[in-house]
Each structure stands twice: as C-alpha cells, then as structure tokens.
Trainee: 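Handing you a structure now.
Naming: A, B, ... by sequence-line order, numbering from 1 per chain. Computed from a predicted structure; not experimentally measured. Heavy atoms only: backbone and side chains are in, while hydrogens, waters and symmetry mates are out.
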Amino acid sequence: MSTAARPRLLLIDGHSMAFRAFFALPDTMVTSTGEVTNAVYGFTSMLTNLLRDEQPTHLAVAFDAGRQTFRTERYPEYKGTRSPTPEAFRGQVPLIREVLAALQVPSIDREGIEADDILATLAGQAEAAGMDVLICSGDRDSLQLVTEHVTVLYPIRGVSELARMTPDAVAAKYGVPPERYPDLAALVGETSDNLPGVPGVGPGVAAKWINQYGDLDALLEQQDSVTGKRGEALREHAAQVRLNRELNALLRDVELAYAPDDLALRGFDRDALFRVADALQFGPLRERLIAVDPAVQDEEPVARASVSVTVDVLGADGPGPWLVARRGDRLGLVVEGRAHPADGDAWSLAVADPSGAAIVVDLTDLDPRADEALAAWLGDADAPKVLHGAKAAWHELSARGYTLRGVVFDTELAAYLCYPDQRGYDLGELVERLLQRDLVPADDAAQGTLDLALDDTGENDRSATRAAAVTELAEVLVGETGDRGATGLLRDVEIPLSDVLARMERRGIAADVPYLTELEGQFGDQVAREAQEAYDAIGREVNLGSPKQLQEVLFDQLAMPKTKKIKTGYTTDAAALADLFAKTEHPFLAHLLAHRDVIRLRQTVEGLLKSVAADGRIHTTFQQTIAATGRLSSTDPNLQNIPIRTEEGRRIRRAFVVGEGYEQLLTADYSQIEMRIMAHLSGDAGLVEAFRSGEDLHRYVGSRVFEVDPADVTPAMRSKVKAMSYGLAYGLSAFGLSQQLGIEVSEASGLMQDYFTRFGGVREYLAGVVEEARASGYTATILGRRRYLPDLTSDNRQRREMAERMALNAPIQGSAADLIKVAMLGVDREIERRGLASRLLLQVHDELVLEVAAGERDEVEAVVREQMGAAADLTVPLDVSVGVGRSWHEAGH
DNA sequence: GGCACGACGTA
DNA sequence: CGTACGTCGTGCCA
C-alpha cells in the first residue's frame, strides 16, 4: 500500500503564457474564417503537455483584469513602456477562456488585480493546505513564490520548453534564494515593467550585495558603507529601489471566489470541447487533449492482458479439415522462416481464426495429403488471409514451393498508411499500442490445450499467438485505415503492389560478373594511385577515409582556411574541398577528391559483387513501409542509387544486363513528373500551358521569367530556372538557391520574385498546402495518402520550418509515388492479361526497368507507355520516355 | 557488436 | 538556410 500522493495544484498565468505563444507561433495560423488562432493554439498545446507531464490534480488559470491596479496608482509609469497589445492577440483571450470552460478549468480574475497576485495568493493557501504547487508564468516576479513545495515553470523559448525553477535552480541562476529574488530585481530593475534599476548594477553585483548584507533592507540601511561609483549610484537611486521593491512584491491575500480545494480537475466537457476545438480547427490537438482528459486518467489502469489463443491439435488428416471448416473466414497467417528474395525458407506457419483458435503446421515434415491441403488453401485467391508483411511471407512460402494468394489485409501496410512517419511496424509494438495487449503466449498453466502433442520449444505457441494477434489487430486497423480515408489505397494499391514487388524481387536483375570483377580491379588500381599521389603531396600517409585525420592535414598541417562548421569540427565534404582547391590549388585536394570518387565506385562494385545470388542475378528488397511520403526504398543492395551522373559511374550500369532467355532491357521513365504534378495541383495557368505546349519546360519557364524569346534563353538562364523549379518542391530558400547556383542571395531572391510574378498560382498553391496542413494536421496526395505533420504548429522555429518544407514536398513526392505504383499495377496486369513473357524488374522512383522477351519489344513498350501515361488523369499530359538495350546503361536515355 | 557521425550515391 | 532514401568507413563505446 502506498500513501496517498500529495495533491498537485497547477496555476497558470493566462496572459503571460498566451502572449508567449502568440509570439512563438506564426500569426498566419488562422481558421478558414480568418480568425487568428496562434495564441489559443499554443496555449492549449502547452496546457496539454503540462497535463500529460505534470499530472496535476488541481488546476486554475488566472488573468489580468482592469487597467488600474495598486501598482499603477502608486506609480503611474508602471508598465508604461509597453506597446499596445496587438489586436490579433486581444481577440484570442476570450477564445482561451472558452477552451478552459470546455475543459472545466476555472479562469480566475478580479478587477484591479494582476494575474500574478492571484497566483501568489492561491499558491500560499495551497501550500499551507499541504499541496504541491506548480506555477507556470512568464513573469520573473513569480520566482519569489518558489519554496520547497512551490515550483515555477518558466518559459525558456516559446511555450514548449519550460525551466523548472526550484529553490536550488533559482539560487544557481541568480545567486540568491527565491525569497530574496525581488530584492535583486529591485536593484537591477525590470525594463518590461518600466522600473529602472541602479545604473551599473547588474544581477551579479546585486546578488553580491544582498548576500553580504543579508537583504535589501539591511543594504539600504547601511548604504553609506558601500564604496565607489556603485555606492554613489545606489544612494542616488535608493528611493526608486524602495519603490521597485514595493511594486514587485506580489499580493498574497487577495480575496478570491475560489479556494485551492475548489480547483480539483473534474474532467473535460466533451461536447463543449468538440465544439470549440472544431470551431478553432485544432486538428490533431483535439486528440492530444482528449488523451489527457483527467476523467479518463483517473480510471484504474487494467492489468494488461496477453493476446490469447487456443492451439488446436491437428489430426492425421493435417490442416485440411480445420481450414475447410473455416472457409470464407478471414484467417490470420504467420509464417516462420527466412524472408529473402533469393534464398528464403519457411519452416512452420500458424493460422488463427477470429475466435482465437489456431493451428500450427510444421512445414519441414509434412505428409503429402497435408501438404496438398495447405498448398490449396495458401494458393486460393478466394480464401481470405490477413498477414503482417505479406511480401516477406510470400518469399518464405515461395521457397517451399507454395503460392500465396487471397491476401485481403496486411496489418503492416495498414499501419504504414495510418502512421507513415513511424520508424518500424513491429507486430508486438502495434499490439501493445492498438490493442493494449502483450504479445507473449499465455502461461502454460492457464492454457491446457497448448502443451499437448506439439514440440515444446514454445516456438509454436509464439507463432499461434502472433497469428491470433494479426487477426485481432486487423480488426482495429480496418477502422483506423477507414478513419484516415486509406481503405482504397490499401486495398487497391499497396496490397496488390506487394505481390508485384515480391515477384520483382524474386526475379532479380542479371549481373555481368566478369565485367564487374574487371571494374573492381580497375577502380582498385585507381584508388591506390590516387592515394599514393595524395600522400606524396603532403609527405605522409593518412587515412583518406577519416574526416578526423583529414581535418588535421587540411587545417593544422596545411593551415588552409576553415570550412563550414560541423559537429566534429570543419567539414571536408566535396563542395568544401572543391572550394579549398579553387583557393589554394593544393594538389592534395585534387587527389583526395579523385580518391573519394573512385573508392566509392569500388565500394559500390564490391557490394554488388557480394550480392550476386546463385542464379547470377541481383535481388534487391523493396521496402514498402519506410518512406513517409509513400515512395519505395531499396535495400540489400540498394539498386535505386546506382551512379548515373558521371561517365565513370555509368560504367557500373553496364554491369546490369539482360538475362538468359530474354532479349533486352527496357527502361521507361516519367519526364519531370514532380513538376507536372505541381502544375496539376496548383492549376497555375502558365505552368500548365508550359507542359501542354510541348516546349522544353525550363526553356519555357526561363523565357517567362527573364522576359525573352524561348529561343533566346541562354544555358545559364535555363539552369537557373531549372534549379529554381526543382527547389520549389523542397521549400528552397533564397539562401539555398544562391548557394546552389553560386550567386548572391539578392539575385536568388530576385529570381524567386520574378518566378512567382509569372507563376503566381504556384506560390498560392504552396502557401495553401502549408496552411491547410496546419489546420487539418496532415497533407494528402492525389490518391489520398496522408502524412501527419504535428510540428507545423510547434513553437520551435526550426522544427516548424522543417515541417513546413515536408508539407510542401510530401504531396508532390507522394503523388508521384502514387502514380508510379498505379502504373506498375497496370503494367503487371496488362502483361499478364496479354500472356507476355516480359517482366518488371526494378522501380527507381520515376523509372521502371523491364526485361523484354524475344519479339515482345514493341508490345511491351506500348503497354508501358499506355499504363504509365494513364496512371492518373491530370490537367497536364504525363510524358514517358522509353529506351532499350542489352544493359541498363544502353537502355538509359 | 552497436552507435553516431560524415560523406555521398539516387530521384 | 532543400525533400526522400541506403550504405560505407571511422571512431568510440561497451
């Protein structure tokens, strides 16, 4: 038994915290009706965090009321230097009080009294009543209230970071205990309150005096004993100091309508909360608030149960009868094995029905009848299955000769669509989060049916439990997916695509191993040569792959000018080295850069050689749940970053060749897909016309921006608008553009202005994307794929601006990902329908690589052009360029 | 063996 | 002070 925890009273200075929020968040945060909401949003967000982190039992928010206070009566200039409250702020205070009313939190004010005096009074009463008190205020005068049981939370930056001011923290920061802080403040003065201090006396001197004399009264009594210029200044300003002290003392005996006991949290008024949160378009903040509703927090946490399952023991007939008895049921399937596209295996599988009954089948020791029944079920497109990561299971089963069909739901893909920014989608973690259950098999004692016939390693129980968990999880995720408008995207795109990807991975792409080996040798020779010449240039050997050692060489030994600062010193990246070379022409730099290039190429070749499978082909794995924008990624090896920009790099592409039994490789890529999507989404007339005209895009844009004839657009103009156009989709700044083009920031900024003058629809679109996302909490692609960006309302500028750039980019990059996924499904389906032998091998974001069977080239090209071109109906045409050849390099264009 | 970091390849 | 990824080596930790 634990003793009852002390009650915790949270007191907030409403005005000062709302004011902080107002300046921390952009005043472009408005509802669709134009109401500015940054202060109310920031304040509510801060309050939400406090409820979550501090778990107060009692709460009140105090507001200033009335212009006249005892302080202005005593000293008319009090707070006299403050500029008038911004109009946009003033209107938000009543909104904050509305929110508080919905949360059933008292807003306390009293005519002629400042919020801090209310807080001081309540804090004193609460402490006397045995409560712990937290005071959240941006007014430093509140520091005088700090005691063993009273802590001030003082905003450091914005309203998201609060400093915990305990007695020790106050003493550490100011050099005096909390009760002496107003003495110190009286000496130093407070600009924001228009209280001048003693000239030449800062916090350090003030603290020294206070500690020396004991307190301010004693100091003033003995002011004549203070020597020097500062002593004179003190004597001259003694009256002001006394006045300061009088004014900065907080009232502790204000008569209030509430006593601390009346401030107990009662739980939110959900109806009122929904109304106000919707009216203010709080978006995701509403859910965050609900998650901290004290009415819910108070409920006893239920001991978390495990996912339960009953393992049915199979008879001599194997799994057939069990599966047949459940025909038409959605069954959870978990395969135990090794998921590898070229070297997979499966050793057992578990199937669970919706009631929690399961079977486990040992695949390594299966009699023919059982095998036949299992194969029939697995390959039956009409036998609905639910998996967590069907593609991996596909590889495992494929290795044992099974075909997997009838996947109607994939909990991993569903979780990805619902929470695309998550790092991983581990089954156990999802079960914990979404089912509030644990993924451990129930104790053997509790489950009599478990420990029968099957082997007793516990493996089977775990498998069966996972299968049951997948079944249960699917039920929750069906709802979550629907809530996010992702049902169609999951069912019609991601799930069928995982099957297409599985087959692409299984096929792999043929590699010319002798050629790769030759390349490895050549690059290796060059590595050695460049390294030796680099060593000769500086007269010693260093590890050229160690930025740390390079920094020593460049900045110590060679005393070169410092480059851009990074965590570990100064950067040695390629751009910086090129810059240094331009300045110093030191041969070491040239050899170092050449070494970097060639060692990288050698590494790439080595990696590829290592990943050639027994069939002479390279089998990548396409990750379908990694990129938050909806793109695929490629691993083991990554075939989406094979060099193409340099001639040396392109040599590597010659190693990817057409395989035995096929005639050619075909590559097809979308040209300027992202810009076309931008034209479509923005509806900018100029940009749409640019694509419809068939003119070279950058030439067209250049002619508009620079006001010249398209024929007169110089290469320099073209490259500037090209960088500009692409940068837009990333949230490029004038500074970034100037860096990339090596021009002045002013020129870059002028370029951007000219661009937006000509293509105003683009600017409107980009601004609109961010504002909409801020209000709704997410961005969406053409197919409705969402990306949630809670940081759009962060008061941390860096995080917020990062989120804004993500919001600009996600609909564009993500829509492009949508389109090529749809195109892949179309190409695959059409190839199958026409009975062609050609096949998809790779996807590189805007490019598809296919292996073309003899005689099929023209038809395959037509299919690919048709399917890629028809992936979406945009206001601009989707242009596809196609190339063929014996190698990836030859097929490129 | 695992981690963070710098560097750099692709779209 | 430009989005989205994956991989490699170094240097440092346990």
Trainee: Ignoring backbone atoms, test whether A:T568 places a side-chain nitrogen or oxygen under 4.0 Å from the OP1 or OP2 oxygen of B:dG6.
Mentor: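 Affirmative; the distance criterion is met.
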Trainee: Would you please confirm or rule out a distance under 4.0 Å between OP1 or OP2 of C:dT10 and any side-chain N or O of A:K548?
Mentor: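 No, outside the criterion.
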Trainee: Output the single nucleotide from B:dT10, B:dA11, C:dG6 whose closest atom is nearest the side chain of A:Q623.
Mentor: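 My answer, after comparing the listed nucleotides, is C:dG6.
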Trainee: Please tell me if A:R645 has a side-chain N or O lying less than 4.0 Å from either OP1 or OP2 of B:dA11.
Mentor: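 Answer is yes, contact under 4.0 Å.
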Trainee: Taking only side-chain N and O atoms of A:T635, does any of them lie within less than 4.0 angstrom of OP1 or OP2 on C:dG6?
Mentor: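 No, A:T635 has no side-chain N/O under 4.0 Å of OP1/OP2 on C:dG6.
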Trainee: Look at all strands and tell whether A:L728 reaches a base, only sugar-phosphate, or nothing, counting heavy atoms closer than 4.0 Å.
Mentor: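 Counting heavy atoms under 4.0 Å across all strands, no contact is made by A:L728.
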Trainee: Ignoring hydrogens and angles, does a donor from either the side chain of A:R600 or the base of B:dC8 sit under 3.5 Å from an acceptor on the other?
Mentor: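 Yes, the side chain and the base share a sub-3.5 Å donor-acceptor pair.
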Trainee: Is any side-chain N or O of A:Q549 closer than 4.0 Å to OP1 or OP2 of C:dG11?
Mentor: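 Answer is yes, contact under 4.0 Å.
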Trainee: Has the side chain of A:R596 got a donor or acceptor that lies under 3.5 Å from a partner of the other kind on the base of B:dA7?
Mentor: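 Side chain to base: no pair present.
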Trainee: OP1 or OP2 of C:dG11 less than 4.0 angstrom from a side-chain nitrogen or oxygen of A:S546, does that happen here?
Mentor: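 Result: yes.
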Trainee: Pairing donors with acceptors under 3.5 angstrom, does anything connect the side chains of A:T572 and A:R596?
Mentor: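 A donor-acceptor contact under 3.5 Å links the two side chains.
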Trainee: Verify ring-ring contact (aromatic ring centres under 6.0 Å, His included) between A:H698 and A:Y726, making sure each step is shown before the conclusion.
Mentor: CA-CA 10 Å; A:H698 305 303; A:Y726 280 107; 5.8 Å; yes
Trainee: Using only side-chain N and O atoms of A:T572, determine if any of them is under 4.0 Å from OP1 or OP2 of B:dA7.
Mentor: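 Yes.
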Trainee: Please work out which residues in residues 732-747 of chain A have a non-hydrogen atom less than 4.0 Å from an atom of DNA chain C and list them by number.
Mentor: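 Heavy-atom cutoff 4.0 Å gives A:L732, A:S733, A:F735, A:G736, A:Q740.
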Trainee: Output yes when at least one side-chain N/O atom of A:N543 is less than 4.0 Å from OP1 or OP2 of C:dT10, else no.
Mentor: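 Yes, A:N543 has a side-chain N/O under 4.0 Å of OP1/OP2 on C:dT10.
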Trainee: Which residues in residues 777-814 of chain A have a heavy atom closer than 4.0 Å to any atom of DNA chain C?
Mentor: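 Within residues 777-814 of chain A, the residues near DNA chain C are A:R787, A:M802, A:R805, A:M806, A:N809, A:Q813.
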